[in-house]
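See below for the structure under consideration.
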Amino acid sequence: MARNYIIGLICLSLFVACTGKDRLLENALTQAGTNRVELEKVLDRYRDTDEEKYRAACFLIRNMPFYHSCEGKELEKYWHYFKAHSTNNKGAQYIVDSLEQADGLFSMALLTKRKDIEVVDSAFLATHIDWAFKVWREQPWGKHVTFRDFCEYILPYRIGDEPLSLWREELYGQYNSLLDSLRATSSATDPLQAAQVVLTHLQQWKYRYTSLFPVGPHVGPNILQWRAGSCRDLSDGLIYVCRALGIPCGTDQVLLRGDCNTGHFWNFTLDKTGMSYVTDFPNEGVWKPCKDYIVKRKGKVYRITYSLNEYLMKQGGKVLDIYPTFRTPFFHDVTLPYLEHPRKFVEIEKESLQRVPANGETVYLCLSSKQEWVPIDYIQYQGGNIRFERIEGGITCIVALWKHHRIIPLCSPFHVDECTSEIRYYNPKAECQTVNLYMKFHMPAHDYLYERMLGGVIEGSSSEDFEQADTVYAITEKPYRRFNIARLKTEKSYRYMRYRGAKDSHSHIAELGFYGKDTMLLQGRVIGTPSSQGKDGRYEYPNVFDGNTETSFEYAEEGIGWAGMDFGRPMRVEKAVYTPANRVNFIYKGYDYELYYWADGRWNSLGRQTATADSLVYRAPVNALLYLKCHSEGKEERIFEYKDEKQIFR
């Protein structure tokens, strides 16, 4: 089946290059086999009665050969993760571990693919088309949605590889009344306003985000009931509701973020002028312009479409020679609206290449995922310098070929300046320096775990309600290690002491210890504000004093929660030691680590160490790109450089 799929893809790419769209339609109908008669019924139904519906049917059928549903008993096993986590009170890891023990490991490979082109019947397709046109033509905001945008972002009967279903009428009946008040206003013609009403309503629900589930297919409309899963799963829920109401909506994505080892998905909609607005559902409750999107270091942003990107197909060359992500590009480049400075590009001078590609070869711009390089963009080399257009800066890259199923670097890794797009290469020098390492992975800049400890304070008081409190220490720098020492600025004794987060934080903290004279750890009664998170009790204030740096406190509201201790009598506290909320990414005593640096087109080891404290000491080349691997525990690791006696993660 895989071989036939590739052959069909090659044929389609030839049709794209050599013929018009009618041949694409004929090719799809040919692949339908005995199901061709069902698809032709739909074409015949609209051919002479509704030109737009006929064109819409052609649009769907032309691209249908590339879509399928995943089926099999294994699918039920996958759905168990979402069902269980939707009412889970013990965390996503507990669900994953429990289901793996009960059902065994889920395997995407055990699912069978049922191709749409062979099974979609006329009733199913016509029902979807008719309902899509109903909401587009009847809703007041539909007048400002172009036919092209309608086809891509309202019309499709599926999002990905979820099971086929007739979801439109049910969701329309469930959510359409939300927009009654909007219809009576002058804003009713703007799809952005309708999208805001939907977003406001859906965001009030409780969602359980996790990236711990195994890789699987799209869930389908049931995600609106389970409200659990990854950013891709949750963004699907918003798409279903919006499209059922005639609101253009879809997904923008980065194939790989420039500050961590994963991709990311988020939603977009269009206003009445066709301008895009985005939201990180369900974390955000407002649609905002693309340039205001909070995730930095995106590198390249693509918009997922139903139709094949014919331009990229033409540019890619021979299908089997292309990196798999770009073989069937159902997306197009939308990086430009996200750029603060539109004229962003990355240009690698020919003289900097360690290997010059042949004219016509496909050259990839790659970002790091742990110790691998993953393509996010490509061009055809035409001699001279290599230039990639519309690239967001602040990323560390490499330029490479993809041959024989592996990445072949063409130059040293380089960092692209966030403002100027200037390139700085990581070429290790013969000179070495001492590097003090405190973590193997950072929290990306927008993540609260470290950043939001800034502005937090340690306070002392003579009363348990802290009505009158003295600030004895303020956190003015982002914590950089597992155990951070705070020398308290006071000569007074206090019966009560606490940690209180900054006003814009939820008082996140993992561990806190108070020490008196002779570094004696003080004991007392733990006090604080109950989290009220309603999650599962995992984020309550007693966690701050349980001796476990992997548990933490998180208050439900900003700037109110705190965690502290009643010593029973006034005590003189010399220092406090605190640990930020983290994901086992600091250095842990007793764990086994290995440091690498990049040179000569590969990662080279600088040796293994077993940590004896919360830090490691190595000798490493100056101006090297580094990578610290933990052989004991933890999944996240990230490239970094060492500069000004600090780890700077890239």
Side-chain angles (χ1 to χ4, degrees), residues 254-263 297 299 354 364-376 394-400 406-416 423-445 447 449-450 480-482 582-588 590-611 613-650:
V254 288
L255 300 174
L256 185 65
R257 282 175 46 173
D259 57 1
C260 62
N261 305 312
T262 62
R297 302 186 186 180
Q354 297 164 353
Y364 296 91
L365 182 69
C366 307
L367 297 183
S368 167
S369 176
K370 299 186 178 180
Q371 289 183 293
E372 303 294 331
W373 294 102
V374 179
I376 64 163
I395 56 177
T396 294
C397 321
I398 205 165
V399 172
R406 66 187 184 95
I407 291 293
I408 303 174
L410 298 178
C411 66
S412 298
F414 56 87
H415 184 72
V416 182
I423 288 176
R424 177 170 55 87
Y425 289 95
Y426 294 102
N427 290 315
K429 298 181 179 180
E431 175 189 359
C432 287
Q433 62 181 332
T434 298
V435 296
N436 296 289
L437 309 180
Y438 297 99
M439 62 180 72
K440 62 183 179 66
F441 182 77
H442 68 147
M443 290 293 103
D447 199 301
L449 292 181
Y450 299 164
Y480 66 94
R481 63 191 302 174
R482 189 181 177 199
N582 67 93
R583 298 173 182 167
V584 199
N585 294 318
F586 291 116
I587 304 303
Y588 278 69
Y591 284 14
D592 189 22
Y593 296 88
E594 186 170 7
L595 182 64
Y596 295 85
Y597 73 101
W598 182 273
D600 301 321
R602 59 187 175 88
W603 289 106
N604 302 270
S605 177
L606 288 166
R608 293 175 69 151
Q609 289 188 30
T610 299
D614 70 340
S615 64
L616 297 166
V617 179
Y618 275 92
R619 294 284 291 173
V622 173
N623 196 45
L625 188 64
L626 303 171
Y627 183 93
L628 183 63
K629 183 175 183 60
C630 180
H631 292 284
S632 300
E633 189 175 336
K635 298 180 180 179
E636 291 292 359
E637 297 152 354
R638 185 67 191 168
I639 57 174
F640 64 94
E641 61 177 297
Y642 195 81
K643 190 175 182 181
D644 299 327
E645 300 184 351
K646 293 182 180 179
Q647 287 177 268
I648 302 174
F649 285 89
R650 296 303 188 186

Quiz question: by atom type and distance under 3.5 Å, do the side chains of [X] and [Y] form a donor-acceptor pair?
{"X": "Tyr426", "Y": "Glu641", "answer": "yes"}
{"X": "Asn427", "Y": "Ser412", "answer": "yes"}
{"X": "Tyr438", "Y": "Gln647", "answer": "no"}

Inset, instruction - State which residue, out of Arg638, Glu637, Gln371, fulfils the side chain to side chain donor-acceptor pair (under 3.5 Å) condition with Tyr627. - result: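 That would be Glu637.
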Legend entry - The single option from Asn261, Asn585, Thr262 passing side chain to side chain donor-acceptor pair (under 3.5 Å) against Glu636: Asn261
Non-hydrogen atoms of [X] and [Y] that approach each other most closely:
{"X": "Lys440", "Y": "Cys630", "answer": "CD-CB, 3.7 Å"}
{"X": "Asp592", "Y": "Ser632", "answer": "N-OG, 2.7 Å"}
{"X": "Phe586", "Y": "Met439", "answer": "CE2-CE, 3.5 Å"}
{"X": "Tyr591", "Y": "Val584", "answer": "CE2-CG1, 4.5 Å"}
{"X": "Leu625", "Y": "Pro413", "answer": "CD2-CB, 3.7 Å"}
{"X": "Val617", "Y": "Gln609", "answer": "O-NE2, 2.7 Å"}

[Y] side chain reached by [X] side chain, heavy atoms, under 4.5 Å:
{"X": "Ile376", "Y": "Val254", "value": "no"}
{"X": "Leu437", "Y": "Leu626", "value": "no"}
{"X": "Cys397", "Y": "Leu367", "value": "yes"}
{"X": "Cys260", "Y": "Phe441", "value": "yes"}
{"X": "Ser615", "Y": "Arg481", "value": "yes"}
{"X": "Tyr593", "Y": "Lys629", "value": "no"}

Inset, instruction - With Phe414 as reference, evaluate Val399, Thr396, Ile395 under the side chain to side chain contact (heavy atoms under 4.5 Å, CB included) test and give the passing residue. - result: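 It is Val399; the other options fail the test.
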Legend entry - Reference residue Pro621; test side chain to side chain contact (heavy atoms under 4.5 Å, CB included); the match among Tyr642, Tyr597, Trp598: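 Checked Tyr642, Tyr597, Trp598 against Pro621; only one passes side chain to side chain contact (heavy atoms under 4.5 Å, CB included): Tyr597.
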Inset, instruction - Supply the atom-to-atom distance Arg424 CZ to Asn623 CG, rounded to the nearest 0.5 angstrom. - result: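 Arg424 atom CZ to Asn623 atom CG measures 7.0 Å (nearest 0.5 Å).
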Short question: side chain of [X], backbone of [Y] - any donor-acceptor pair under 3.5 Å?
{"X": "Tyr618", "Y": "Gly607", "value": "yes"}
{"X": "Asn604", "Y": "Ala599", "value": "yes"}
{"X": "Asn436", "Y": "Thr434", "value": "no"}

Legend entry - Pair Lys646 + Asp644, salt bridge at N-O below 4.0 Å: no
Inset, instruction - Take Ile407 and Glu372 through the side-chain contact (heavy atoms from CB on, under 4.5 Å) test and state the conclusion after the steps. - result: CA-CA 9 Å; Ile407 291 293; Glu372 303 294 331; over 6 Å; no
